[in-house]
Amino acid sequence: MKVKSDFIIHNRENESLLVSTGASDFNGLVRGNKIFGDIVGLMEEDTTEDQIVASMLERYDATEEQVRRDVVRVITELRGIGALDE
């Protein structure tokens, strides 16, 4: 899965934005924290949930359960707005 080209990822210091270019059915933006931005950033290239979890575990001091919960939440949100190519 990966983020569709109809969306632009913009990361700032502690905030990340996923912005629709207008070419998708979703018109708007999704705002998240740095963790959200890291997860979405990993989906700029084709990847899997397990690969994202493994990469996040290398970056953050958290349990696999905590990381997987965050990853699943972000994936579910992006699916809901039609932002993923799967």
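None of the values given here were measured: they were computed from a predicted structure. Below, each value reflects all heavy atoms present in this structure, side chains not excepted, and no hydrogens, waters or symmetry copies.
Looking only at distances, no side-chain donor or acceptor of K2 sits under 3.5 Å from a matching main-chain atom of T47. Between the side chain of Q66 and the main chain of T63, a donor-acceptor pair closer than 3.5 Å is present.
Other residues, nucleotides and ligands contribute at most 12 non-hydrogen atoms within 6.0 Å of the CD atom of E65. Heavy-atom neighbours of D46 CG from other residues, nucleotides or ligands within 6.0 Å: above the threshold of 12.
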key: Full working for side chain to side chain contact (heavy atoms under 4.5 Å, CB included) between H10 and L18   = CA-CA 6 Å; H10 178 71; L18 181 69; over 6 Å; no

query = Given D85 and M1, is the side chain to side chain contact (heavy atoms under 4.5 Å, CB included) satisfied, shown in steps?
reply = CA-CA 5 Å; D85 273 330; M1 83 186 100; over 6 Å; no

message = Run the side chain to side chain contact (heavy atoms under 4.5 Å, CB included) test on I75 and M43 for me, step by step, so that the C-alpha distance in whole Å, both residues' side-chain angles and the decisive distance to 0.1 Å come before the verdict.
response = CA-CA 10 Å; I75 290 171; M43 290 191 279; 4.3 Å; yes

request  = Go through the steps to decide whether T21 and D6 satisfy the test side chain to side chain donor-acceptor pair (under 3.5 Å), and finish with yes or no.
outcome  = CA-CA 5 Å; T21 63; D6 298 346; 4.8 Å; no

query = After noting the C-alpha distance and the side-chain angles of D70 and V72, does the key distance pass the side chain to side chain contact (heavy atoms under 4.5 Å, CB included) rule?
reply = CA-CA 6 Å; D70 288 343; V72 168; over 6 Å; no

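Applying the 4.5 Å side-chain rule to ILVMFWY residues, one finds L17, L29 in the same cluster as V19.
A 4.5 Å side-chain heavy-atom check between T76 and L78 finds every atom pair outside the cut-off. In this structure, the side chains of F7 and V30 stay at 4.5 Å or more apart for every pair of heavy atoms.
Residues satisfying the side-chain hydrogen bond (donor to acceptor under 3.5 Å, both in side chains) criterion with E45, sequence neighbours excluded, are absent altogether. By the side-chain hydrogen bond (donor to acceptor under 3.5 Å, both in side chains) test, R69 is found to be paired with no residue, residues two or more places apart in sequence or in another chain being considered. For the side-chain hydrogen bond (donor to acceptor under 3.5 Å, both in side chains) test, residues two or more places apart in sequence or in another chain that qualify with S24 are S20. When the side-chain hydrogen bond (donor to acceptor under 3.5 Å, both in side chains) test is applied to T48, the partners found at least two apart in sequence or on another chain are Q51.
Counting all heavy atoms, side chain and backbone alike, G37 lies closest to S16 at CA-OG, 3.0 Å.
To the nearest 0.5 Å, atom CD of residue E77 and atom CD1 of residue I39 are 10.5 Å apart.
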Could you pull out every donor-acceptor pair under 3.5 Å between side chains of residues 52-61 and any protein atom, sequence neighbours left out?
unit_1 : atom_1 : unit_2 : atom_2 : d
Y60    : OH     : D38    : OD2    : 2.4

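For the pair E15 and K34, the salt-bridge criterion is not met [side-chain N within less than 4.0 Å of a carboxylate O].
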